[in-house]
Amino acid sequence: MIELENVAYSYGGGELLSDISLELSSGSFHFLTGPSGAGKTTFLKLCYGALMPTAGQVRLFGGDVRDLGRDDIALMRRRIGVVHQDCQFLDHLPVADNVALPLMVSGYEGGEQAENLRELMSWVGLNARAGALPPELSGGERQRAALARAVIMSPDVVLADEPTGNIDWEMSQRLLQLLIELNRMGKTIMIATHDLNLIRAAKSQVQARVLRISQRQVQLAGADL
Ligand SMILES: Nc1ncnc2c1ncn2[C@@H]1O[C@H](COP(=O)(O)OP(=O)(O)O)[C@@H](O)[C@H]1O
Ligand SMILES: [Mg+2]
């Protein structure tokens with residue numbers, strides 16, 4: 001699905017990430033951990049083609065990101081759903097419209113989509129909040145809306161950047177359950193988080209690999225969590 005070969009990334013100063021080779025295979029569940037500033041968000045951006053590696057090769061669904069044309073990028077946006085760390089919304093549009101935005105942008109219409117949207121809103125527990133505006137949502141509601149928006153195009157892969165960053169433990173658990181459910185449906189999941197308790201909670205339910213960014217490298221963490 002997503003392959004990195006000898007990948008490095010630098011924002012212009014020294015290398016932030018160096019010589020990373022890794023494969024996220026179909027149906028796998030990964031955590032990505034490491035201290036703030038280690039490069040988790042940067043790594044995820046490399047994984048969905050928002051950043052081009054400064055060295056090495058990133059292949060998405062078999063194709064080198066450097067060779068992707070506009071159509072390929074549009075297709076990839078559909079196949080990789082992203083829950084962004086800051087989960088921004090259009091504040092003047094109701095939550096349901098925000099969630100449906102990727103559908104609108106790609107020109108989908110019709111009753112079937114409306115039904116899918118309702119199902120998705122109820123899956124994340126936001127049916128009652130569908131008409132609310134984003135600034136009226138709690139942190140947990142925002143995160144669930146961001147997750148719904150990330151999966152509305154039925155992506156194969158879901159990348160979530162600190163999805164439980166600003167929410168309480170109970171809500172984190174609920175969000176984690178949704179991501180585990182997606183994985184059971186066959187989706188490839190990667191969650192960037194520095195919450196080791198969340199990782200422990202997941203590990204009892206799903207076979208998850210834990211990657212840690214340390215000294216510019218992405219390493220497989222041991223079982224000592
Ligand atoms: N657009 C950017 N330009 C320059 N430096 C950046 C940019 N984005 C992030 N950085 C720097 O790269 C480092 C890693 O950032 P990031 O990937 O956001 O880490 P994390 O998500 O693990 O906290 C930080 O030192 C950050 O300041
Ligand atoms: Mg980050």
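FYI, the numbering just counts along the sequence from 1. All ligand and atom numbering here is 1-based and tracks the order in the structure.
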Exercise for the section: Determine which pairs satisfy salt bridge (Lys or Arg N to Asp or Glu O under 4.0 Å) with at least one residue from residues 59-82, sequence neighbours left out, and list them in order. Expected result: E3-R59, E5-R59, R79-D156

Handout entry: With sequence neighbours excluded, residues passing side chain to side chain contact (heavy atoms under 4.5 Å, CB included) with A50
Key = K45, Y48

Practice task
Check whether any side-chain heavy atom of L68 sits under 4.5 Å from a side-chain heavy atom of M76, and report yes or no.
Solution key: yes

Handout entry: Check: K40 side chain, D161 main-chain N or O, donor-acceptor pair, under 3.5 Å
Key = no

Practice task
Return yes if some donor-acceptor pair links the side-chain N/O of E136 with the main-chain N/O of L133 below 3.5 Å, else return no.
Solution key: yes

Problem - Contact flag T42/the Mg ion (ligand 2), N/O/S atoms, threshold under 2.8 Å - result: no

Exercise for the section: Please state whether the separation between the Mg ion (ligand 2) and some N/O/S atom of S36 is under 2.8 Å? Expected result: no

Completion exercise
Between Q85 atom OE1 and T41 atom OG1, the angle centred on the Mg ion (ligand 2) rounds (to 10°) to 80°

Exercise for the section: Below 4.0 Å from any atom of ligand 1, which residues have a heavy atom? Give them in chain and number order, please. Expected result: Y11, L16, P35, S36, G37, A38, G39, K40, T41, T42

Exercise for the section: Would you tell me whether S18 and E15 have side-chain atoms, one donor and one acceptor, within less than 3.5 Å of each other? Expected result: yes

Handout entry: With Y11 via ring pair (Phe, Tyr, Trp, His ring centres under 6.0 Å) - residues at least two apart
Key = Y9

